[in-house]
2 protein chains.
Amino acid sequence: MKIPKPAIRRLAVYYRCLQRLKEEGKEKTSSKELAQRLGIKACQIRKDLSYFGEFGKRGVGYNIDNLLEKLKAILGLESVWKAIVIGAGNLGKAIAGYKGIKEQGFDVVALFDVDGRKVGKKVNEAEIHHMDDLEEFVKENNVKIAVICVPKESAQQVAEAAEKAGVEGILNFAPTVINVSVPVENVDIAVSLKSLTFQIIRRKGKEK
Amino acid sequence: MKIPKPAIRRLAVYYRCLQRLKEEGKEKTSSKELAQRLGIKACQIRKDLSYFGEFGKRGVGYNIDNLLEKLKAILGLESVWKAIVIGAGNLGKAIAGYKGIKEQGFDVVALFDVDGRKVGKKVNEAEIHHMDDLEEFVKENNVKIAVICVPKESAQQVAEAAEKAGVEGILNFAPTVINVSVPVENVDIAVSLKSLTFQIIRRKGKEK
DNA sequence: TAGATTGTTAATCGATTAACAATC
DNA sequence: TAGATTGTTAATCGATTAACAATC
């Protein structure tokens, strides 16, 4: 079955909302409650879930623990994903040190940089290695994900090196399109800012 | 006219690609060339541009300088946008110190945090202020954009404070939905990672 | 039973793409 | 003129939403 790309991102959002509901001590919820919290339509939530199965009880709703387990399996979060951060600048170090990522089932096991002076330093438990050691490290440590935090000029080259080394997916923070055969997710701060300024201007135009 | 939301983000990507072409010394380009660089269809580029006017010459293509100017106006980049970063943790400091943002017409003029020990320290030229001084600072300095880098628990409250202080748009890095009346763009690292793991798993399923 | 809420179908809406006349 | 490339229309494709039977 074809699954809309936006539906996947929403599943991840539902997952987080369910975690929150659980923290609040709730045991069951409904598409209506989730929809209200997230500002979307209830039928969209039901539709998104229906791509993968029937997880609720009619007339009752969803058991939170159960739905969390199901989403965990769908999103591939049953085991911890080993990741590396390439580019140990401010952003790379911030990502590597970000606790939220570990909580969500991702483990940044090392950073890589071309700057020899950074090699050996640590960000939490993760050590900074030299780029020359990338391939060996990825293979020996079974790293699955590379987070690219290098300047745009070297992003394509770094992505190719990561793919060659054997990573299976790339999270790209560099402001450029990268072309590899493994899946890539882009986090584009500059583009998001520009989309924001466009909306601000449009909004002002409409106010009048 | 209704403009597809994805089209706006693509305009920002075209803008960046044109900057790159210019750096390479080129003076003209075509929808075909841009499409090849960006891995999308040429007719999509022409369609996206057509929402805003006619910027090319039939049989010839686009003048890069001219198209850059037009996109600059569309995206609202003709003047510098003053921004603040709220939350002076690792991520907040990394964003504030990120040179790419300044190059693109955004100026982070200050950071804010509730931790008094951080107050007075600097990230490049931007000083860290206490949250209590947010409203006064925003008003006096004509700040338009707030970048939220606080934990999810305080994100909603901080967003409301920023809105009340007078910012016109919010870039939200906190992993939660925030509800305000000004435009919000979300940069959701955890969601992007989960979307990535879903794709990795699906891809493996198909290979067999 | 009556009320609630799911899962799913069908309708609507929105976005992308193909195709081509216009024109440089 | 011949070749190239735009701008735009119409067709297609994909995503969202409304509505409701199923059922707890």
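Values below: every heavy atom of this structure, side chains too, minus hydrogens, waters and symmetry copies. To find a chain, count down the sequence lines: A is the first, B the second, and so on, and within it residues start at 1.
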A.B. asks: Can you see which heavy atom on A:F112 is nearest to which on A:L134, and at what distance?
C.D. replies: CE2-CA, 3.6 Å
A.B. asks: What integer distance in Å separates A:E54:CD from D:dT23:P?
C.D. replies: 9 Å
A.B. asks: Just checking A:E160: does its CD atom have more than 12 heavy atoms from other residues, nucleotides or ligands closer to it than 6.0 angstrom?
C.D. replies: yes
A.B. asks: C:dA18 C1' sits how many Å from B:Q44 CD, rounded?
C.D. replies: 13 Å
A.B. asks: Expressed as a whole number of angstroms, how long is the span from A:I45:CD1 to C:dT8:P?
C.D. replies: 16 Å
A.B. asks: What integer distance in Å separates A:D48:CG from D:dG14:P?
C.D. replies: 17 Å
A.B. asks: Return the nucleotide paired to D:dC24: Watson-Crick means purine N1 to pyrimidine N3 with N6-O4 or O6-N4, wobble means G-U with N1-O2 and O6-N3, both under 3.5 Å.
C.D. replies: C:dG3
A.B. asks: Roughly how far apart are B:I8 CD1 and A:F198 CZ, rounded to 0.5 Å?
C.D. replies: 3.5 Å
A.B. asks: When you get a sec, tell me which of C:dT23, C:dT16, C:dT6 is the closest nucleotide to the side chain of A:R46?
C.D. replies: C:dT6
A.B. asks: Where the side chain of B:K47 is concerned, which of D:dA10, C:dC24, D:dC24 is the nearest nucleotide?
C.D. replies: D:dA10
A.B. asks: Tell me the interatomic distance from A:L34, atom CG, to C:dT6, atom P, rounded to whole angstroms.
C.D. replies: 9 Å
A.B. asks: For C:dG7 and A:Y62 - does any side-chain N or O of the residue sit under 4.0 Å from the phosphate oxygens OP1/OP2?
C.D. replies: yes
A.B. asks: Begin with the C-alpha distance, continue with both residues' side-chain angles, and end with the deciding distance and a verdict on side chain to side chain donor-acceptor pair (under 3.5 Å) for B:E23 and B:Q19.
C.D. replies: CA-CA 6 Å; B:E23 280 169 25; B:Q19 287 181 316; over 6 Å; no
A.B. asks: Would you check, one step at a time, whether the test side chain to side chain donor-acceptor pair (under 3.5 Å) holds for B:S181 with B:E163?
C.D. replies: CA-CA 8 Å; B:S181 61; B:E163 185 182 25; 2.4 Å; yes
A.B. asks: Taking only the side-chain heavy atoms of A:S50 (C-beta and beyond), determine which of C:dC24, C:dT8, C:dT17 contains the nearest atom.
C.D. replies: C:dT8
A.B. asks: Run the salt-bridge test on B:K28 and B:E33 with the 4.0 Å N-O cut-off and return the result as yes or no.
C.D. replies: no
A.B. asks: Can you tell me the distance, in whole Å, between the NZ atom of A:K41 and the C1' atom of C:dC13?
C.D. replies: 11 Å
A.B. asks: With the side chain of B:R58 defined as its heavy atoms from C-beta on, choose the nearest nucleotide among C:dA22, C:dT17, D:dC24.
C.D. replies: C:dA22
A.B. asks: In whole Å, I'd like the distance from the CZ atom of B:F55 to the P atom of C:dC24.
C.D. replies: 17 Å
A.B. asks: Does C:dA11 have a Watson-Crick or wobble mate here (both distances under 3.5 Å), and if so which one?
C.D. replies: D:dT16
A.B. asks: Is there side-chain contact between A:L68 and A:Y15, with heavy atoms separated by less than 4.5 Å?
C.D. replies: yes
A.B. asks: Using atom CG of A:L49 as one end and atom P of D:dT16 as the other, report the distance to the nearest whole Å.
C.D. replies: 14 Å
A.B. asks: For DNA chain D, which residues of residues 2-32 of chain B approach it to below 4.0 angstrom with any heavy atom?
C.D. replies: B:S30, B:S31
